[in-house]
Amino acid sequence: MTDRKVTEEAKQQLDTLFEALSIVAEDTYVFLCDMRYDYSRWSKELVSAFELPSEYMYEAGRIWEEHVHPEDRPSYSKGIEAIFAGQQMGHDMLYRVRRPDGEYDICTCRGIVLTDPEGHPTYFGGAIRNHSQRSHIDSLTGLRSQYGFFADLQRHIRNKTPIRIGLAGIGKLAEINEVYGYHIGNKILQHFGRYLMENVTNRGGAYRLDGSRFAIISTLQSEQELAASYEDIRAHFRKGIRIDDLDISLELNAGMLSLNDFNVDDQTVYSCLNFAYEESKLNKHGDLVTFRSELTEANKKRIAKLHAIREAIARDFSGFYLLYQPVVDASSEKLIGIEALLRWKNDEYGVIPPDMFIPFLEKDPLFPALGEWILTTALSDAKKLMAYVPNLMTNVNISYAQLEKPDFTEIVRRSLKDAGFPPKQLCLEITERCRLLDLDLLRNVIVALRASGVRVALDDFGTGFSSVGLIKNLPVDTIKIDRSFIQNIEQDDREQNLLNSFTDIAKTFGAGICVEGIETWGMRNIIRNYKVHSFQGYYYSKPLPIDELIEKAKDGTIVSSTRKK
Ligand code: C2E
Ligand code: CA
Ligand code: CA
């Protein structure tokens, strides 16, 4: 096409126009070509999504052509040639483009040619939209989705636009779903979304992130204005809204932060926002919590720690390891299983227990990778112990963010196959937090897992309002009773009654029962009177490294059934 090397001036001009174009096109990829040099700038997201050589490219059309599906290539090249030959001033095409993983995405590309006053073509610019990409629109509320949220947040960070971000959530939506049904829950979400749009963000973006949580990004409103808006919304929903024939009063939680420092990535911003939100929920009864960058030392440390943990996931999971806690048969008290429990350790922070980071990272896009690492590590460790305890059951905790991924069951099947691990000796523990997911989706995943032979346990049973509702709808093999229900069982009759009803419920649904948190001889004696199948707790063993368990298995001291006080 042309051999001319682009001049500095032409390059600057290209950048200016490109920025202008990028503001218009929100969730599409922008490209702009200076036709005099056949020199282009393409948006960074597109370059990384399709692994193009660089944001700036000579002969970008030819490079792109190699990614276009062979069947679509002839019409694509004809279109581009017509543009460069000056025969066509616009471009509107649909074609398939190969992703780095070899699959094809369907894209549409629209562009126009700009001419100079003499009518010579100067620029060819436009937007490519990837239709296979995850939707930026939430289908229930019509607001932008969490993918839209992150795309916008990244754009603001890149453009260094100061913004305020608010994150607000409806408390106890799961309970409302349970009591009134999902369609009422959905209507509440729709009402909330519309209210946000109409009353808060006529000058900014509104997003539905996940479950019952919404966000807004505002470039114009001050922190005070947003705080005042939150109090209005809160009063409105507390007073009660009418859905069908019901008056429902709702409590909210909210966090906010101002972004003026652009030396951060979107995920760190999101972690900080989550931190403020969790603070509002856990310690401030829903009062708005503003994340301060002039944080207290303790908070700063916590964020730095989270950041370090995130980075460790990306750096080959360095510092993560698993401990295994024995599970014993309730009558023989012999070892029948182990539960894998995650830890993270580094020189600066020491050993960090999972409760300190998992709830914060669950929604992180890196989390599924960590989940897969946990699964494959647990399978390979457990296999070594199975040389001594052939029928061992291995329990692995699964976070709801993993279950949500469409390829989750496939990953489990592949990991089992790669490890040569018998599926029926793997039990996945899902927690009460999974009720954040759509019940149908959850049931489908469980059914698919069990169809491949894998066992499923419902963890921390009884800690959530909807426990009974969950197990009624979900076919699980085992129910694990949370240790908070047996902590005082030696003194407390009510706990004994509760345990009785739990075992009845489990029996009704054909599930086995595992009681967690057995710490003393006294607890063990009482609980042995109930229809319980297995025990877990410090009385039998703390979580241990696999090598230590293997050593104990060799000497036959793995968990002793002759333990006394
Ligand atoms: P969990 O699944 O209910 O795990 C049991 C927790 O109770 C473990 O804490 C265990 O060390 C502790 N525990 C066991 N026996 C006793 C006892 O007799 N007394 C007392 N006081 N505690 C006992 P840990 O390891 O700190 O794990 C906390 C939670 O973090 C787990 O609760 C689980 O929800 C989550 N978690 C741990 N590992 C993973 C993981 O690999 N993936 C996911 N998604 N979550 C994990
Ligand atoms: Ca567990
Ligand atoms: Ca548990």
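We count ligands from 1, going down the list as the structure has it; atoms in each ligand are counted the same way.
Neither the backbone nor the side chain of Gln536 comes within 4.0 Å of ligand 1, counting heavy atoms alone.
Residue Glu339 has at least one heavy-atom neighbour below 4.0 Å for each of these atoms of ligand 1: 2 (O), 4 (O).
Geometrically, Lys542 engages Tyr538 in a cation-pi contact, judged by NZ or CZ lying under 6.0 Å from the ring centre and within 45° of the ring axis. A cation-pi geometry, defined here as NZ or CZ lying under 6.0 Å from the six-membered ring centre and within 45° of its normal, does not hold between Arg524 and Phe535.
Considering both main-chain and side-chain atoms, Leu342 comes within under 3.5 Å of ligand 1 through a nitrogen or oxygen pair. Distances between N or O atoms of Asp459 and those of ligand 1 include at least one value under 3.5 Å. Between Tyr539 and ligand 1, a contact under 3.5 Å exists for no N or O pair.
Within Glu339, the N, O or S atom lying nearest to the Ca ion (ligand 2) carries the name OE2.
Taking each heavy atom of Gln325 and Ser541 in turn, the nearest pair found is NE2-O, 3.0 Å. The minimum heavy-atom distance between Asp287 and Tyr230, with the atom names listed, is C-CE2, 4.4 Å.
Aromatic rings of Tyr207 and Phe214 (six-membered ring for Trp) have centroids beyond the 6.0 Å cut-off, not under it. A centroid separation of 6.0 Å or more is found between the aromatic rings of Tyr277 and Phe291.
By the definition of a contact as any protein heavy atom under 4.0 Å away, atom 3 (O) of ligand 1 is in contact. Put simply, atom 9 (O) of ligand 1 has no protein non-hydrogen atoms near it, under 4.0 Å away. For atom 6 (C) of ligand 1, no protein non-hydrogen atom is found at a distance below 4.0 Å.
The neighbour count for Lys384 NZ, taken as heavy atoms of other residues, nucleotides or ligands under 6.0 Å away, is above 12.
The closest non-hydrogen atom to atom 39 (C) of ligand 1, taken over Ile398, Thr377, Ile358, Leu322, comes from Ile358. Between Trp373, Tyr538, Phe367, it is Tyr538 that holds the heavy atom closest to atom 17 (C) of ligand 1. The heavy atom nearest to atom 31 (C) of ligand 1, out of those in Leu375, Ile430, Leu341, is found in Leu341.
For Gln325, the heavy-atom gap to ligand 1 drops under 4.0 angstrom.
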Check: residues 482-489 side-chain donor-acceptor pairs under 3.5 Å, at least two apart:
| residue | atom | partner | partner atom | Å |
| --- | --- | --- | --- | --- |
| Asp482 | OD2 | Ser484 | N | 3.1 |
| Asp482 | OD2 | Ser484 | OG | 2.6 |

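Taking 4.5 Å as the limit, some side-chain heavy atom of Ile170 sits within range of a side-chain heavy atom of Leu189.
Only protein atoms were considered; those of element N, O or S under 3.0 Å from the Ca ion (ligand 3) number 4.
Met256 CE to Ser280 OG: the interatomic distance, rounded to the nearest 0.5 Å, is 11.0 Å.
Not one N or O on the side chain of Lys531 forms a donor-acceptor pair closer than 3.5 Å with the backbone of Ala506.
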